[in-house]
There are 2 protein chains.
Amino acid sequence: MARVTLKDVARRAGVTTATVSYALSGKRPISEATKQRVMEAIAELDYVPDLNARGLSMRDSKLIGVVVPQTEPGERLMFQNSFYSEVLGSIEYYARQQGYHILISATDANESYLTLAKQRNLDGIIVIGMYPDEFYQQMKKTQIPIVLIDSYCNDHYYHNIRIDDAYGSYLATRYMLECGHTRIAFFAGQMKENGVMKKRLLGYQQALEEFHVPYQREYVFEGQIDYTSGIALADRLMDQGLPATGVVAAADILAIGAAKGFFERGKRVPEDYSLIGFDDVEIAQYLTPGLTTIRQQISLKGQKAVELLLKHIEDPSLPKQEEILPLQLVVRGSVKKLNG
Amino acid sequence: MARVTLKDVARRAGVTTATVSYALSGKRPISEATKQRVMEAIAELDYVPDLNARGLSMRDSKLIGVVVPQTEPGERLMFQNSFYSEVLGSIEYYARQQGYHILISATDANESYLTLAKQRNLDGIIVIGMYPDEFYQQMKKTQIPIVLIDSYCNDHYYHNIRIDDAYGSYLATRYMLECGHTRIAFFAGQMKENGVMKKRLLGYQQALEEFHVPYQREYVFEGQIDYTSGIALADRLMDQGLPATGVVAAADILAIGAAKGFFERGKRVPEDYSLIGFDDVEIAQYLTPGLTTIRQQISLKGQKAVELLLKHIEDPSLPKQEEILPLQLVVRGSVKKLNG
DNA sequence: AGATATTATTTAATCGGTTAAATTATTCAC
DNA sequence: GTGAATAATTTAACCGATTAAATAATATCT
């Protein structure tokens, strides 16, 4: 079954390819009669335009690139965690609604992504997460519209969709404090300067200060953002014999790992340790007990990113925007009330 | 920054575009000297070939389509569940290694995917899950190489990567029985004729039979494959006052939901109900208690699918293959030993 | 009816590559 | 040094679309 092309349609309708093209795009007037015949031919031949060919002359691709951090080629390969999966799903959904497809590429954010952008003529790119400065510099040069998600890159060139990370962990920590906890540990991923984790630490500190609880460095534990790291941090906390009664985790994944770490050593949540997460990934509500956490509307992030990107693609003069999405404390069963 | 094309490179190297093309592809002999100059020009101009244009003449796209079941456009949009995410991640990884990109499209598996395949000139397609017969009929007509994952479609036209689902739940149920359970409920997703869920039910029945435990219809609960359905099924089981001591779930997701359902009504796993899952998704090991389950090597599925697909793309005469990947019981803490 | 304006359609170039066939340059044998 | 064989390069057509410019067909006006 060979490909059906414009030429085939044209022949069948007794016109020229130009006529078919115009009939389809409406960029030139075409008489009702011919339009009719063209449409019939299209239906009869089951013609579908080739987007590559079209892209070649129109200089677009209807393709949106999505950059997510590279996963280690370990035993399990996946879109790193449920947070990414959810954003990706959302991006795919909204992009598709508008006739775009997404090209996901897990990457080290090195030159390779730039190559992809050129190879495939991407119409736009959504970058999830934080990368080295160099990466942003290079991306900028491509002139391709870009929207960042969850980045504190301060280059005014980029659109940005994010949350107020400091405020989120402030909310989390405050809730812990309100429940009567004062010896509260903080579990975080790698804290890079000006990164998401650093901001979340800031919120933790702010809440402590507000409640006149002195900030103590040894209550802060730094690891990676994955389950095993959560376990490891819990282990370290217990090993050090720190008299903490609660843990504020900078990500649900860390919290879940921590709960597991406690469990393995006979400690229970929330009886022995109270626990609060961040993100409200889907699984959080199905844990036992349910994970109290800070909800961010993950799929809204994807939606907003797509909307903004497409708006920019249509209107390249669109001024750079930063959108900060709302957060919300979700109380479930992982924090014990020490008071009332 | 306008696009750098072959023509630019050719001009710079003082040759023709054909020469550059041949120098790059090696399909015709080109003198070392010119090859040298061409490579220099490419480096200096930072030239990257346009895959669309190339695809247009070569009639390929270096694009692999991946079909996953459509997610409802509900509040949370995602790649349905962690199982899909993991397969997708794996597919993306291995495809990229070979210079292919993947085009994921959540779809109802209706005509729309066929359109995509034509529009984008997909080199091959990987279809995850089970779809209506009609879908397979249509896909066949495209002549595009296709590999199915987890399908019992018996059309000999397709390659197939799957597991022995019946054997998996047989293993699960047998373990339950070996632990001394006899009143064992079975939680499943929608059971379509010749579908994965139906096969898994079969394995459950086989194990019961082997242990001379009579199969009772009211011990089988059917829902959807998602967390909330797991909760709902647990509720139904408890509502009916069924004296079950264990539950074999046909998917980890269902098991996790079930554990939550029990928990909400004061019942504990494994004290009150033993629980065994199926898949061994990443989260299974981090639950409290860890979920005993049947492990399938999820990312191996993706890897095999990619390998097989690319092999077929290279050699269209490749005879259709069916590969059945191994399963393995993973004992963690969610099943209580009633005996010894 | 003839000149003019308007509408519909076609011609032909183009997008960025590949490639069969033709041409030019080089090597080799005698 | 000449002719034949071989190697290197170029010419030009093509992939499947779009589109500016040219042309043909139709409508409008006096």
Side-chain angles (χ1 to χ4, degrees), chain A residues 1-39 41-42 45-63 99 115-123, chain B residues 1-39 41-42 45-63 99 115-123:
Chain A
M1 235 181 27
R3 200 150 188 0
V4 176
T5 75
L6 246 206
K7 212 183 277 182
D8 300 319
V9 174
R11 191 177 312 125
R12 175 120 186 176
V15 293
T16 280
T17 62
T19 305
V20 178
S21 179
Y22 287 131
L24 240 33
S25 69
K27 293 187 180 172
R28 290 281 152 104
I30 295 291
S31 74
E32 268 312 315
T34 22
K35 205 176 285 180
Q36 196 70 34
R37 267 184 305 138
V38 167
M39 291 310 177
I42 288 179
L45 297 175
D46 202 11
Y47 166 76
V48 176
D50 181 317
L51 293 186
N52 282 355
R54 171 178 291 172
L56 194 53
S57 32
M58 306 255 282
R59 16 202 75 245
D60 71 2
S61 63
K62 296 293 174 188
L63 236 33
T115 302
L116 175 63
K118 289 186 187 176
Q119 282 180 329
R120 298 281 185 193
N121 257 296
L122 301 181
D123 288 350
Chain B
M1 233 181 28
R3 199 149 189 2
V4 176
T5 75
L6 246 205
K7 213 183 276 179
D8 300 321
V9 174
R11 191 178 311 125
R12 176 117 185 181
V15 294
T16 279
T17 62
T19 305
V20 178
S21 180
Y22 287 132
L24 239 34
S25 68
K27 294 186 181 172
R28 289 283 151 106
I30 295 290
S31 74
E32 269 313 315
T34 17
K35 206 176 283 182
Q36 197 69 35
R37 268 184 305 137
V38 167
M39 290 312 176
I42 287 179
L45 296 175
D46 202 10
Y47 165 76
V48 176
D50 181 317
L51 292 186
N52 283 354
R54 171 177 290 172
L56 194 54
S57 33
M58 305 257 280
R59 16 201 73 244
D60 72 1
S61 63
K62 295 292 172 190
L63 236 34
T115 302
L116 174 63
K118 289 186 188 176
Q119 282 180 328
R120 297 282 185 192
N121 257 296
L122 301 182
D123 289 349

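Every chain is numbered from 1 and lettered A, B, ... according to where its sequence line falls, protein lines coming before strand lines.
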At their closest point, which heavy atom of A/M39 faces which heavy atom of A/A23, and how far apart are they? CE-O, 4.2 Å

A/N121 has an atom CG; how far is it from atom P of D/dA17, in whole Å? 17 Å

Whole angstrom value for the distance that separates C1' of D/dA17 from CG of A/D8: 13 Å

Identify all pairs in which a protein N or O lies below 3.5 Å from an N or O of nucleotides 13-15 of chain D, and state each distance.
from: D/dC15; atom 1: O3'; to: B/R59; atom 2: NH2; distance (Å): 2.7
from: D/dC15; atom 1: O2; to: B/S57; atom 2: N; distance (Å): 3.4

Reading nucleotides 7-12 of chain D from the 5' end, what letters show protein touch, with B for base, S for backbone sugar-phosphate only, - for no heavy atom under 4.0 Å? -SBBB-

Quick check for you: to the nearest 0.5 Å, what is the distance between A/T17 atom OG1 and A/L6 atom CG? 6.0 Å

Check whether any side-chain heavy atom of A/K118 lies under 4.5 Å from a side-chain heavy atom of B/V4, and answer yes or no. no

Please identify each residue that fulfils side chain to side chain donor-acceptor pair (under 3.5 Å) with B/R37, with sequence neighbours left out. none

What residues form a side chain to side chain donor-acceptor pair (under 3.5 Å) with A/T19, not counting sequence neighbours? none

Under 4.5 Å between any side-chain heavy atoms of B/I30 and B/V38, yes or no? no

Applying side chain to side chain donor-acceptor pair (under 3.5 Å) to A/S25 and not counting sequence neighbours gives none

Quick one: side chain to side chain contact (heavy atoms under 4.5 Å, CB included) partners of B/S57, sequence neighbours excluded? none

Span of DNA chain C in contact with chain A (heavy atoms, under 4.0 Å): C/dA8 to C/dG16

Between A/K62 and A/D123, the two heavy atoms sitting closest are N-OD2, 2.6 Å

Partners passing salt bridge (charged side-chain N to carboxylate O under 4.0 Å, His left out) against A/R11 (at least two apart in sequence or in another chain): A/D8

What is the distance from NZ of B/K118 to C1' of D/dG16, rounded to the nearest Å? 15 Å

Excluding sequence neighbours, so at least two apart, what forms side chain to side chain donor-acceptor pair (under 3.5 Å) with A/T16? none

Give the minimum heavy-atom separation between B/R120 and A/S61, together with the two atoms involved. NH1-O, 2.8 Å

Could you give the side-chain donor-acceptor pairs of residues 47-54 of chain A under 3.5 Å, partners two or more places apart or in another chain?
from: A/D50; atom 1: OD1; to: A/N52; atom 2: N; distance (Å): 2.7
from: A/D50; atom 1: OD1; to: A/A53; atom 2: N; distance (Å): 3.0
from: A/D50; atom 1: OD2; to: B/N121; atom 2: ND2; distance (Å): 2.6

To the nearest 10 degrees, what angle separates the axes at the start and end of the helix from C/dA1-D/dT30 to C/dC30-D/dG1, five pairs each? 50°

